[in-house]
Amino acid sequence: MVDAFELRTAGQANVKTVTILGATGSVGTSTLDIIRQAPEAFQVVALTAQSNAAKLAELARAYRAKFAVIGDTSRYAELRDLLAGTGIEVAAGPEALVAAAEMPADCVVAAITGAAGLAPTFAAAGKGRRLALANKECLVAAGDVFMSAIRESGTELVPIDSEHSGAFQLLKDNNTRAVERIILTASGGPFRDWDLDRLATATPEAALKHPKWSMGPKISIDSATLMNKGLELIEAYHLFPVEARQIEVVVHPQSIIHCLVMFQDGSMLAQMSCPDMRIPISVGLAWPERLQSPVERVDLVKLQSLTFEAPDLTRFPALTLAREALERGGTAPAILNAANEVAVEGFLARRLSFLDITRTVATCLNRAEQAGMIKLPQTLEDVLEADGAGRQLARDVIGA
Ligand code: NAD
Ligand code: MG
């Protein structure tokens, strides 16, 4: 239990101060688990959540956070009462989330899910320290605008998404100009061997049961449609110095190899580990150091074999859609992402069938193109506007 956790105070050499945006989620709690195992190395500054005040209060107390911020203002009083007398400062609302992201900290872990993470992640990106990035939707929707903000502020960006953490580790000590291909692996999700008829009947419960990873609901559904890998393709394009055509996806059901890099001399390097997010998060927190981690080790003999197959683009067209949106450029990826978020919500609320998720996104992209809505975004506001337009298109398509 985290209650007994005692964090040494700052001021010690080598203590890293950390803020976690989205602390109550899957990535957020995995991050705190790492911090719990290395209390001498980290001090928590701010923790944020959207609506679960009880969990946020419990984590803020256990990890001696200085600030606890809840996105939903109607939960402010609950959070304030739960933390009364602790000395932990409490705030609520979208501006408070941005303020938490801007607080001085050596590392900000950006783990809010979806485009809701855009403003706080941008705020964190403008401060010239380390940003450990889990929120892939930010890179997808805001790509070039986000990367310009990172470069201009001198922020050190370390990806936490496992495939991108793999590529990051593989490329750090290598000549990136000699990269021929980056190969992202996909587990194939829970429906890897389902035919189209069966996919048409897939329920949210079945889609949420990922065979290899334990994750939040939105990314779990994205993994079932393979939109997650489509978003990751766009993410990789912005993170690494390669063209879209140099990024490939291969289905690898064991999820032991997360990424491979092929160099122009034909040499191929792979990053391997058990599918546990605490490994890429540890890299995000400690790089270039390595933390001692309790996670299961890969046992090659027990594994016996690693298998690979090409993704089936007929059953999982989301991958093609994402590639097309990347090639179209401008706000097309922001619209893809926004429409996908609305469609995933519709599926989880049983208003949309599984196959309709990707169909909805395709229809939205077509309508956006026909209406001349795809533009070149210059600022975060432009991206947020495209995100809003993409959401409205999807609501119109779904009839919500
Ligand atoms: P999750 O749903 O488990 O947690 C999301 C967190 O964000 C929670 O703390 C929640 O309170 C907060 N949040 C949700 N909506 C918000 C809003 N509107 N405003 C402010 N805060 C809000 O999600 P997760 O699985 O931890 O994923 C987080 C991010 O990391 C996503 O972008 C996902 O794509 C990425 N990611 C996750 C994994 C994984 O293994 N879970 C792997 C790779 C990348
Ligand atoms: Mg991933």
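Atoms within each ligand, like the ligands themselves, are counted from 1 in listed order.
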Open item on the list: Give the atom numbers and elements of ligand 1 that come within less than 4.0 Å of a heavy atom of A134.
Closed with: 30 (O), 32 (O), 35 (C), 36 (N), 44 (C)
Task: atom 25 (O) of ligand 1: nearest protein contact (heavy atom, Å) - done: G216 N, 2.9 Å
- [ ] With heavy atoms under 4.0 Å as the rule, classify the contact between M277 and ligand 1 as side chain, backbone, both or neither.
- [x] side chain
Task: Rounded to 10 degrees, the angle OE2 of E232 makes with OD1 of D161 at the Mg ion (ligand 2) - done: 90°
Task: For V27, atoms of ligand 1 separated by under 4.0 Å from a heavy atom - done: 26 (O), 30 (O), 37 (C), 38 (C), 39 (C), 41 (N)
Open item on the list: Please find the pair of heavy atoms, one from V251 and one from S187, that lie closest to each other, and give the distance.
Closed with: CG1-O, 3.8 Å
Open item on the list: Under 4.0 Å, counting heavy atoms only: does G71 come that close to any atom of ligand 1?
Closed with: no
Open item on the list: Under 4.0 Å between a side-chain nitrogen and a carboxylate oxygen: does that hold for D33 and R278?
Closed with: yes
Task: Atoms of ligand 1 close to G25 [distance to a heavy atom under 4.0 angstrom, numbered from 1] - done: 1 (P), 3 (O), 4 (O), 8 (C), 9 (O), 26 (O)
Open item on the list: Please work out, at 4.0 Å between heavy atoms, whether the side chain, the backbone, both, or neither of L231 comes within that distance of ligand 1.
Closed with: neither
Task: Shortest reach to atom 29 (C) of ligand 1 by a heavy atom, considering only I219, T24, N228, I112 - done: I112
Task: Closest approach of L226 to A318 (non-hydrogen atoms, all atoms of both residues) - done: C-CB, 4.2 Å
Task: Nearest neighbour in protein (non-hydrogen) for atom 13 (N) of ligand 1 - done: Q50 CB, 3.7 Å
Open item on the list: Under a plain distance cut-off of 3.5 Å, with no hydrogens placed, do S165 and Q169 share a side-chain donor-acceptor pair?
Closed with: yes
Task: Considering only N, O or S atoms of E163, the one closest to the Mg ion (ligand 2) - done: OE1
Open item on the list: Run the side chain to side chain contact (heavy atoms under 4.5 Å, CB included) test against F191 and tell me which residues pass, sequence neighbours left out.
Closed with: W194, L199, A202, A206, A207, A224, F316, F354
TODO: I would like to know whether L97 and L21 meet side chain to side chain contact (heavy atoms under 4.5 Å, CB included); could you show each step before the answer?
DONE: CA-CA 8 Å; L97 290 174; L21 309 174; over 6 Å; no
TODO: Just need the protein heavy atom nearest to atom 3 (O) of ligand 1, so name the residue and atom and give the distance.
DONE: S26 N, 2.9 Å
TODO: Provide the number and element of each atom of ligand 1 under 4.0 Å from a heavy atom of L97.
DONE: 20 (C)
Open item on the list: Which heavy atom of Y237 sits nearest to which heavy atom of V242, and what is that distance?
Closed with: CD1-O, 3.7 Å
Task: Protein heavy-atom partner closest to atom 34 (O) of ligand 1 - residue, atom, separation in Å - done: K136 CE, 3.2 Å
- [ ] Assign the ring pair F168 / W287 to parallel, tilted or perpendicular, where the plane angle (0 to 90°) is split at 30° and 60°.
- [x] perpendicular
- [ ] Could you check atom 23 (O) of ligand 1 against the protein and tell me its nearest heavy-atom contact, residue, atom and distance included?
- [x] T113 CB, 3.9 Å
Open item on the list: Test your reading of the model: is there a side-chain donor-acceptor pair from H258 to the backbone of S273, 3.5 Å cut-off?
Closed with: yes
TODO: Have a look at E235, E163, R278, E137 and point out the one with the heavy atom closest to atom 32 (O) of ligand 1.
DONE: E137
Task: Ligand-side contact atoms (ligand 1) for residue partner A23, heavy atom cut-off under 4.0 Å - done: 9 (O)
Open item on the list: What protein heavy atom lies closest to atom 18 (N) of ligand 1? Include the residue and the distance to one decimal.
Closed with: A116 CB, 3.1 Å
Open item on the list: Quick one about T307 and Q254 (side-chain donor to acceptor, distance below 3.5 Å, no hydrogens or angles considered), yes or no?
Closed with: yes
Task: Contacts of E369 that satisfy salt bridge (charged side-chain N to carboxylate O under 4.0 Å, His left out) - sequence neighbours left out - done: R328
TODO: Of the side chain and backbone of A111, name the one, both, or neither that has a heavy atom under 4.0 Å from an atom of ligand 1.
DONE: backbone
Open item on the list: Salt bridge or not between K55 and E58? Use side-chain N to carboxylate O under 4.0 Å.
Closed with: no
Open item on the list: Does ligand 1 come near enough to G22 that some N or O of the ligand is less than 3.5 Å from an N or O of the residue?
Closed with: yes
TODO: Classify the contact between P120 and ligand 1 as side chain, backbone, both or neither, using a heavy-atom distance cut-off of under 4.0 Å.
DONE: neither
Open item on the list: Under a 3.5 Å threshold, yes or no: a donor from one side chain and an acceptor from the other, between R367 and Q370?
Closed with: no
Task: Presence of salt bridge, D356 and R359, under 4.0 angstrom - done: yes
Task: Atoms of ligand 1 close to A49 [distance to a heavy atom under 4.0 angstrom, numbered from 1] - done: 11 (O)
TODO: Starting from atom 43 (C) of ligand 1, find the nearest protein heavy-atom neighbour and note its residue, name and distance.
DONE: D161 OD1, 3.1 Å
